[in-house]
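Residue numbers begin at 1 in each chain, while the letters A, B, ... track the order of the sequences.
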2 protein chains.
Amino acid sequence: MPKEPVTRNDVAEYAGVSTAVVSYVVNEGPRKVAPETRNRVLEAIRVLGYRPNATARALRMGTTRTFGLITPDGGNPLFAELAKAIDKAAASRGYVVLQTSADGDPATERAKIAELLARQVSGLLLVAPTEDPDLTDAEVPAIALNRVLPTISSVRPAYREGARQGVEHLIGHGHRTIDLVVGGDGHSERELGWRDALEAAGLPEGPIARTTFSREGGYLAAQSLLPARPTAIFASSDLQAIGVLRALHESGLRVPEDVAIAAFDGTPETEYAWPPLTVIRQPLEALAREAVRRLIEGEESVEALTFPTDLILRRSCGC
Amino acid sequence: MPKEPVTRNDVAEYAGVSTAVVSYVVNEGPRKVAPETRNRVLEAIRVLGYRPNATARALRMGTTRTFGLITPDGGNPLFAELAKAIDKAAASRGYVVLQTSADGDPATERAKIAELLARQVSGLLLVAPTEDPDLTDAEVPAIALNRVLPTISSVRPAYREGARQGVEHLIGHGHRTIDLVVGGDGHSERELGWRDALEAAGLPEGPIARTTFSREGGYLAAQSLLPARPTAIFASSDLQAIGVLRALHESGLRVPEDVAIAAFDGTPETEYAWPPLTVIRQPLEALAREAVRRLIEGEESVEALTFPTDLILRRSCGC
DNA sequence: TTGAAAGCGATACCAA
DNA sequence: TTGGTATCGCTTTCAA
């Protein structure tokens, strides 16, 4: 049964002081309060079960201490992990996170951004946004994660270097051709990293299968690659690698004996894939912390900062 | 560069009307506005790029149209899927969701609840809470998902019937013993469903391995079960089943030829496990919709509603 | 050290 | 049909 909310007025009355004093006590400033008065107020707060109204506070202060977070798909394990890291980083600074999915659809994305702006979020975190948002008359800092945009600040993993490292590792196992399963628009940095490694080793570019960033995408891509008998495949995401694994199993191919695999991302799912996947792990915690820091500290640099990845060796590459 | 926010006053001034009229136009009520005046106001809104301040509105109206969502772990694929479904259900009703993780820790859970209450959420969604929250002097409706609590409303999958159905299916494949890998406190409904099925078939209870709701938990549990040569294992969660699979693969056991498996939950990950897992799928969308509906419509029933699960047959059971 | 009061932006009643 | 204004709960300046 909903009860009447207890306000600062009730507390003031109960303690026999003015509302200003209650405020001083609650916020420990900006004026000092006599210890005895302070105790009366504290007692009143306790007895009445008073909880300051953050909405009123936000209106007065001009800040909600709330971030808006938009991902393409909250169900994607990578984004779920990233969201969790962001929540943690935000919580440690006293912020909370309004999280929502945009389904990778530009129109939905715009609508969600508008909704979050109307709610006066103190900052916007856009994970892999589909387009450059129009924030010109927004009073709010924004940062893109895992995608570089012209007009807003961004942080991302060192895609190119990470991919290169993964492919180099595969090459180190003696493979002369490394197939690529890649998502996105064909200008991905992960693809460039794959090229870098091949070129550095004087190897020709292997076959490329372009697809979506999903398990099914990886599965279909692998099916298109298999007739040519690949010996090693690099996948641009975990999910794709999982799909690749399935295609290989169905074909009776052994991993890593017949085909070696490595993938970008490194979500927990890969550790329990069969065989366990060698991955380039995204530094999600570092990305989250830096993004939150920039938002809070109002760092306006549009410079796209990059965070180093981790190569995690497991069975799928042949190690 | 942060700009000055445009307020309703600016719009009123620009349009040459009072602030009340702006409000009438924005909210399409509660008073009628002459078409011509209305157009002037709309024009002003457009030109100035006015966005109503939801914080002020919330203060005035006494509702934020925001839900608080607490899960034990945002990184868990099941909870991520559920959160996504909740976001969708909430968004369709004009609500947004403040999502946070409590790490399955009661103290953290209490702190997060307090934080969300202070922020005046319009409702609280608690996924698998660790304890019965003290909401006695909160003005807010709450609902538990996937866990029944004495003092608050709840919705959950038909754990017992679902588990029973899964185990029955395994029995239908001719297994005379069904091992159980189960998480939680030992009073789980999933365990009861397993018993139901065994009893109905006149079969003795198979071995039980109690562990955590995680991949690693399933892995360790399976290792403890394997020496006795099980022919079928039912896991109380997807994650555990994934861990079981790994243990089986490492032992060189074939699934489903040597050991059949079925599991509760049905997250997308199971479809791409090797072999694909037969699962009891939780009706996440239905759970989310009902939870949101109850919160919005203020249904105070403490009755614990249950939603039917889906048995999804894949390779791991022997089908 | 404490209190009175203005003001954050929006809603909606009461008058005009 | 439109406008003036009290109010939501809180913070903080200014005065006492």
Would you say B:T37 reaches D:dT2's phosphate, i.e. side-chain N/O to OP1/OP2 under 4.0 Å? yes
Would you kindly give the CG-to-C1' distance between B:N39 and D:dT1, to the nearest whole Å? 15 Å
The contact string for nucleotides 10-16 of chain C, one letter per nucleotide 5' to 3', using protein heavy atoms under 4.0 Å with B, S and - for base, sugar-phosphate only and none, comes out as BBBBB--
Quick check: are there more than 12 heavy atoms from other residues, nucleotides or ligands sitting under 6.0 Å from CD of A:E297? yes
Write down the distance between CD (A:E13) and P (C:dG3), rounded to a whole number of angstrom. 13 Å
Between P on C:dG3 and NZ on A:K32, what's the gap in Å once rounded to a whole number? 17 Å
Could you measure the distance from the OG1 atom of A:T108 to the CD atom of A:E115? Nearest 0.5 Å is fine. 13.0 Å
Quick check for you: to the nearest 0.5 Å, what is the distance between B:L116 atom CG and B:R119 atom CZ? 8.0 Å
For a quick check under 3.5 Å, do A:S101 and A:D103 share a side-chain donor-acceptor pair by atom type? no
In Å, rounded to the nearest 0.5 Å, how long is the span from CZ of B:R156 to CZ of B:R147? 11.5 Å
Residue pair A:L59/B:P35 against DNA chain D: nearer the 5' end by closest nucleotide is B:P35
Inter-residue atom distance A:N9.CG - A:Y50.OH, 0.5 Å rounding: 9.5 Å
